[in-house]
Number of protein chains: 2
Amino acid sequence: MSIRHAILGFLSWKPFTGYELKKLFADSSSFYWSGNSNQIYGCLIQLHKEGAVTSEIQLQERYPARKVYAITESGREKLRAWLLAQPELPEIKDHFHIQLSWSEPLSQTEVDGLFAAYEALLGNQVLMSREAARRGNPKPGRSARESLIWKHIEDGRLASLESELAWARKLRSALAELKKGAGALTEGAGEGGR
Amino acid sequence: MSIRHAILGFLSWKPFTGYELKKLFADSSSFYWSGNSNQIYGCLIQLHKEGAVTSEIQLQERYPARKVYAITESGREKLRAWLLAQPELPEIKDHFHIQLSWSEPLSQTEVDGLFAAYEALLGNQVLMSREAARRGNPKPGRSARESLIWKHIEDGRLASLESELAWARKLRSALAELKKGAGALTEGAGEGGR
DNA sequence: CAAAGCATGTAAGCAGTTACATGATTGT
DNA sequence: ACAATCATGTAACTGCTTACATGCTTTG
């Protein structure tokens, strides 16, 4: 799966300029690409070469000219073919989990600091996602089905963020419990050691 | 975060050959890299140049010679610096969610087929993860803390797979309900969309 | 006798990233 | 005066992927 499909997806909803697509990607977390110009503009040029999109130049008075891209019949066929392709599993890169995996040389205090930072990051993300959901970024709503799907995807993302936060809190307090137990038995030994 | 840190992590546990590391990555889903030779061997050569690891050639009778890599003090410092770096959010690429986002041109039957395939894929993954957890792949257990962390990470992965499966099932049946409702009112219209 | 395992490495390519280049216009 | 918005594009780089190359040994 590459960004080409997602761009075709957006254009199957309605025409956009590269600049608009860039923002759509940058503002969305489900569509996880960064929205860098290189990729968007490059991709649009290529799709145009392949005949999947048409581009119309619109001159404007006070702003630079813009190229509005629209999907073609052939583009819709390409999109359809991809939509029917074999689903793939989600790809998850849990950077923090890997960091934790090798945290043995760190002290309990240092590990606790990592948790604090991670939980703050997640908490922030939860708030921002909730706010974004409340504001409601632009999305198609061409049918009840489509709206239902988009709603569930949004809810699912929030839920998974929240459950990751709960996971981190639980592990953190389990580690604190462990420390307390060990401290009672060995009088503060086991800090920083292997 | 790149694979260099994860390799240093493994070597901070105990010495390994490139071939062994390759398998460790290939067999693990938490350490999400594919475990291709190019990256592993290339990375080890580079780490050796930087003085983060030493390599000892072990000749064997019936098998090719192997290079056993061990971490150096400087390597441990590099690892420690990375361990204390600012945590990062998980990166999630929900390929299937994006596919679903643009599924408007598909029929209800086609969408349902996608769900069936996705649920089968996830179900499989859940079984394989459970089996892998039962078998228990090689992992360090240098302290109660380390074991607790690894256990929670494993459990967390399973839980998130299971909740994704539950999410898919819920959305699928919500879509079926929607279809039923619409069918009752409009007598089978609304199939195939715009 | 073929396939899989042991073991190290190289080549070619892809999808993505940040940073740069240009230049008018509008808001603080 | 400075930054942000509108708008399109290019350059250099990174991290990762599949596939290839070699060759011996063990297992089915």
Side-chain angles (χ1 to χ4, degrees), chain A residues 1-9 15-50 53 55-69 82 88-89 91-95 98 138, chain B residues 1-8 15-29 31-50 53 55-69 82 88-89 91-95 98 138:
Chain A
M1 239 277 315
S2 78
I3 202 179
R4 303 178 81 247
H5 305 119
I7 288 180
L8 274 183
F16 285 106
T17 68
Y19 190 76
E20 285 166 334
L21 286 168
K22 200 173 128 96
K23 276 197 296 182
L24 285 167
F25 282 110
D27 296 349
S28 158
S29 41
S30 302
F31 297 101
Y32 51 81
W33 297 270
S34 73
N36 67 93
S37 343
N38 195 347
Q39 218 180 351
I40 310 275
Y41 290 111
C43 201
L44 284 170
I45 288 166
Q46 205 194 311
L47 284 170
H48 189 242
K49 262 191 217 148
E50 293 171 23
V53 300
S55 87
E56 191 202 348
I57 294 163
Q58 281 183 358
L59 296 167
Q60 299 176 117
E61 276 179 21
R62 17 188 120 264
Y63 290 113
R66 46 196 245 137
K67 291 190 187 169
V68 180
Y69 290 91
W82 167 65
E88 280 169 58
L89 287 172
E91 243 176 88
I92 305 173
K93 302 195 177 177
D94 277 314
H95 304 296
I98 297 176
Chain B
M1 238 279 313
S2 78
I3 202 180
R4 303 180 81 248
H5 304 120
I7 288 180
L8 274 182
F16 284 106
T17 68
Y19 189 77
E20 285 166 335
L21 287 168
K22 200 172 125 98
K23 274 196 298 181
L24 284 167
F25 282 110
D27 295 350
S28 157
S29 42
F31 297 101
Y32 51 81
W33 296 271
S34 74
N36 66 93
S37 344
N38 195 347
Q39 218 180 349
I40 310 275
Y41 290 111
C43 203
L44 284 170
I45 288 164
Q46 206 194 311
L47 284 170
H48 189 241
K49 263 192 215 148
E50 292 170 24
V53 299
S55 87
E56 193 203 346
I57 293 163
Q58 280 183 359
L59 297 168
Q60 299 176 117
E61 277 180 21
R62 12 188 121 264
Y63 288 113
R66 45 196 246 139
K67 291 191 188 170
V68 180
Y69 289 92
W82 167 65
E88 280 169 57
L89 287 172
E91 242 177 89
I92 304 173
K93 302 196 176 175
D94 276 315
H95 305 296
I98 298 177

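Just so you know, these numbers use all the heavy atoms, side chains as well, and skip hydrogens, waters and symmetry mates. Letters go in sequence order (proteins before strands), and every chain restarts at 1. Being a predicted model, the structure only gives us computed values, none of them experimental.
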Stepwise side-chain contact (heavy atoms from CB on, under 4.5 Å) test for Ile98(B) and Phe31(A): CA-CA 7 Å; Ile98(B) 298 177; Phe31(A) 297 101; 3.8 Å; yes

If the helix axis at each end comes from five base pairs, how far does the helix from dC1(C)-dG28(D) to dT28(C)-dA1(D) deviate from straight, to 10°? 40°

Counterpart residues, side chain to side chain contact (heavy atoms under 4.5 Å, CB included), relative to Ala65(A) (two or more places apart): Ile57(A), Leu59(A)

Using a heavy-atom cut-off of under 4.0 Å over every strand shown, decide if Ser34(A) touches base, sugar-phosphate, or nothing. sugar-phosphate

Do Tyr32(B) and Glu91(B) come within less than 4.5 Å of each other through their side chains, counting heavy atoms only? no

Any idea which heavy atoms bring Phe25(B) and Ile3(B) closest together, and the distance? CZ-CG1, 3.8 Å

Classify the angle between the aromatic ring planes of Trp82(B) and His5(B) as parallel (below 30°), tilted (30 to 60°) or perpendicular (above 60°). parallel

Non-hydrogen atoms of Ala6(A) and Trp33(A) that approach each other most closely: CB-CZ3, 3.6 Å

Run the side chain to side chain contact (heavy atoms under 4.5 Å, CB included) test against Pro15(B) and tell me which residues pass, sequence neighbours left out. Val68(B), Ala70(B)

Let me spell it out: for each of Arg62(A) and Ile3(A), pick the nucleotide of DNA chain C with the closest heavy atom. Which residue's pick is nearer the 5' end? Ile3(A)

Any side-chain N or O of Trp33(A) under 4.0 Å from OP1/OP2 of dA15(C)? no

OP1 or OP2 of dC6(C) less than 4.0 angstrom from a side-chain nitrogen or oxygen of Gln60(B), does that happen here? no

Counted 5' to 3', the first and last nucleotides of DNA chain D within 4.0 Å (strictly under) of a heavy-atom of chain A are dT5(D) to dA12(D)

Taking atom P of dA15(C) as reference, at what distance in whole Å does atom CG of Leu47(A) sit? 12 Å

Using a strict heavy-atom distance below 4.0 Å, which residues from residues 16-29 of chain A are in contact with DNA chain C? none

Can you see if the side chain of Gln39(A) gets near the phosphate of dA15(C) - specifically, an N or O under 4.0 Å from OP1 or OP2? no

Nucleotide dC6(C), atom P - distance to CG of Leu59(B) in whole Å: 18 Å

Heavy-atom closest contact (Phe16(B) atom, Leu21(B) atom, distance): CB-CG, 3.8 Å

Could you state the atom-to-atom distance from CD of Glu88(A) to P of dA15(C) in whole Å? 13 Å

If you look only at distance, which donor and acceptor atoms sit under 3.5 Å apart when one is on a side chain in residues 38-49 of chain B and the other is two or more places apart or in another chain?
from: Gln39(B); atom 1: OE1; to: Asn36(B); atom 2: ND2; distance (Å): 3.4
from: Gln46(B); atom 1: NE2; to: Glu50(B); atom 2: OE2; distance (Å): 3.0

Regarding the side chain of Pro64(B), the nearest nucleotide among dA12(C), dT18(C), dA7(C) is dA7(C)

Using every non-hydrogen atom in the two residues, find where Ser55(A) and Tyr69(A) come nearest and quote the distance to one decimal. CB-CE2, 3.4 Å

Can a side chain N or O of Arg66(B) be found less than 4.0 Å away from OP1 or OP2 on dA7(C)? yes

Atom-to-atom span, OH of Tyr41(A) to P of dT17(C) - whole angstrom: 15 Å

Take Gln60(A) and Arg66(A) through the test side-chain contact (heavy atoms from CB on, under 4.5 Å) and record every step on the way to the result. CA-CA 8 Å; Gln60(A) 299 176 117; Arg66(A) 46 196 245 137; 3.3 Å; yes

Mind listing the closest non-hydrogen atom pair of Lys22(B) and Ser37(B) along with its distance? NZ-OG, 3.2 Å

For Glu61(A) and for Tyr32(A), locate the closest nucleotide of DNA chain C by heavy-atom distance; then report the residue assigned to the nucleotide nearer the 5' terminus. Tyr32(A)

